[in-house]
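Below: one structure, written as C-alpha cells.
All chains are named by letter (A, B, ...) in the order of the sequence lines, taking the proteins before the strands, and each is independently numbered beginning at 1.
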Number of protein chains: 2
Amino acid sequence: MSRRPQTELAVLGALSTGSMTGYEVRAAITEILGDFWHESFGQIYPALNALEQAGAIARSTPGRTSGSRFEITPAGTVLLRERLAEPHHATPPRNGLLLRLFFGTQLPPGRSRELLEAEIERAEVALARFAAIRADMDTEPPGAEHDYRALTLAYGEHHARAHLAWATEALRALPDRD
Amino acid sequence: MSRRPQTELAVLGALSTGSMTGYEVRAAITEILGDFWHESFGQIYPALNALEQAGAIARSTPGRTSGSRFEITPAGTVLLRERLAEPHHATPPRNGLLLRLFFGTQLPPGRSRELLEAEIERAEVALARFAAIRADMDTEPPGAEHDYRALTLAYGEHHARAHLAWATEALRALPDRD
DNA sequence: AACCTCATGTAACACGTTACATGATTAT
DNA sequence: ATAATCATGTAACGTGTTACATGAGGTT
C-alpha cells in the first residue's frame, strides 16, 4: 500500500483556488485548512517542483515583482480530482495527552489537573476562532462550495465542544489526590 | 526541539503493568491503548533493545518456553515518570477525510455521501466497543488507576458521539447534487 | 502435512520537521 | 538604515510503516 504524497494533494487543492507563490500556498493552507491540515516549507517546495515536472502546475514569472507564481493546469485539475477520489487512510493515532493521562497515577501530583486545564483553554480558544469564521462565512454567497466549507467548519465545532465537555467532566472526576 | 522517541514511553508504560515479551507488548498497546496510540513491531523491538541498553528494562529467559520476557527495572520506573512528566507535543493535523470534503465540489457525485456514511458506521462501531469496555470496567476495583482509565475511555466516547452527530448532520446538509 | 499463532528481527522506504542559508521587497 | 515580511530552498534528522525473512510450538 504505497501512500502517495498527500502534500501534493493539499498543494494542488490550494492552487485550484487561484495562482500563488509557494509562500502563499503555505499561508493559504495554514489559514484555511489549518485546523485539519499542516504543511511545512520543507514539504511544499519539493512538492511544487514535482508537480511542475509532472505538468500539473505551471510557473509564471509575470512582472518579476517577486518570486514565481504557480497556477494549476488542466492536467493538474484532472490529477486533483483523481487524487481526491482516492481512499484516505486514517493516520495511526498517537495522542500524547491521552497516553499521559492513561498512566496518570505515575504523574507528579497536580500535573493531570494542569493538563486538563490547558485542554479546556485550547478548546475555548478554538471555539472562539470557529465562531468568528462562521460569522464571516455567513456573508459568503451560497452554493456548493460554501456548503462544503461549512461542513468542515462544523467538524471543528463538534469536536471542540466535545473536547471541552470531556475535559471539564474529567477535571471533576479526577482522583482526590490530584 | 528534539522529540524524544515516544515509542519508548509507550513501551515502558506497557511494561509497568507487568512483564511481557515484545509480542505481548504490541498486543497490550493495541488492545488497551489502541484508540489513541499505535506501535508497530518495527518500532517496538528496537525500542526494547534501547531500553535494555539504558538499564530501564531487564530481559529474563526463565523456562525458555518461548521468547524472552522483559520487565521494568527501578531505573525504568524513574525514567517512565520523567518521560510522562515531559510536555507532550500535539502531532500536526493531517486529516485526509476533511481535506477531501473541503474540496468536495471536485469529488465524483455521490462520493462525499459515501465518505460520510462510512464515518457514521465507524463511529457506531467505536461506540459499541466503548460500551463493552465500560461495562467491563464497572466490575473493576475502584481507585486512582480505574479513574484514569475511565477518563481516557470517556475521551473516546465524547469524541465518537461528536463525530457521529457531525457526520449525520453533514449528510443532511450535503448539496443537492451530491 | 498444513496451518495458525507466537515470536523476533531487518531493510527499504515514506513522510515530515527543524535548522540553516540566502536574498529581495516593503514599511518605519 | 533598519527591521519586518516575503520568498525559496537544502540538509540532517527523527519517526514510523511495510514487506520480508525466519523459526518455534501447538492444532486440525
Query raised in the report: Given atom CD of A:E39 and atom C1' of C:dG16, what is their separation to the nearest angstrom?
Result: 9 Å
Report task. Among the candidates D:dT8, C:dG9, C:dT17, find the nucleotide nearest to the side-chain atoms of A:T21. Result -> D:dT8
Query - Whole-Å distance separating the CG atom of B:N49 from the P atom of C:dT10 - result: 7 Å
Report task. Examine D:dC6: is either OP1 or OP2 under 4.0 Å from a nitrogen or oxygen in the side chain of A:Y23? Give yes or no. Result -> yes
Query - Hydrophobic cluster identity match, A:I57 and A:F41, side-chain contacts under 4.5 Å - result: yes
Query raised in the report: Should B:H89 be listed as having a side-chain N or O under 4.0 Å from OP1 or OP2 of C:dT17?
Result: no
Query raised in the report: Quick one: which of C:dG16, D:dA7, C:dG9 gets closest to the side chain of B:R94?
Result: C:dG16
Requested in this report: Would you kindly give the CE-to-P distance between A:M20 and D:dC6, to the nearest whole Å?
Outcome: 15 Å
Requested in this report: Using atom OH of B:Y45 as one end and atom P of C:dA7 as the other, report the distance to the nearest whole Å.
Outcome: 8 Å
Query - Nearest-neighbour nucleotide for the B:E24 side chain, C:dT8, C:dA7, D:dG9 considered - result: C:dA7
Report summary line: The nucleotide from D:dA7, C:dG16, D:dG16 with an atom nearest the side chain of A:Q43 is C:dG16
Query raised in the report: Roughly how many Å is it from CZ in B:F41 to P in D:dT22, rounded to a whole number?
Result: 18 Å
Query raised in the report: Between A:H38 (NE2) and C:dC15 (C1'), how many Å, whole number?
Result: 13 Å
Report task. Give a yes or no on whether the ring-centroid distance for A:H163 and B:H159 is below 6.0 angstrom. Result -> yes
Requested in this report: Before giving the answer on side chain to side chain contact (heavy atoms under 4.5 Å, CB included), spell out for A:R69 and A:E24 the whole-Å C-alpha distance, their side-chain angles and the decisive distance to 0.1 Å.
Outcome: CA-CA 9 Å; A:R69 304 184 78 76; A:E24 288 167 342; 3.2 Å; yes
Query raised in the report: Could you walk me through whether B:T91 and A:R94 pass the side chain to side chain donor-acceptor pair (under 3.5 Å) check?
Result: CA-CA 8 Å; B:T91 50; A:R94 287 205 138 216; over 6 Å; no
Query raised in the report: OP1, OP2 of D:dG16 versus side-chain N and O of B:T7: anything below 4.0 Å?
Result: yes
**Report entry** Main-chain N/O of A:Y45 paired with A:R26 side-chain donor or acceptor, under 3.5 Å
**Finding:** no
Query raised in the report: D:dT17 P sits how many Å from B:W37 CH2, rounded?
Result: 10 Å
Report task. Report yes if a side-chain nitrogen or oxygen of B:S40 is closer than 4.0 Å to either non-bridging phosphate oxygen (OP1 or OP2) of D:dT17; otherwise report no. Result -> yes
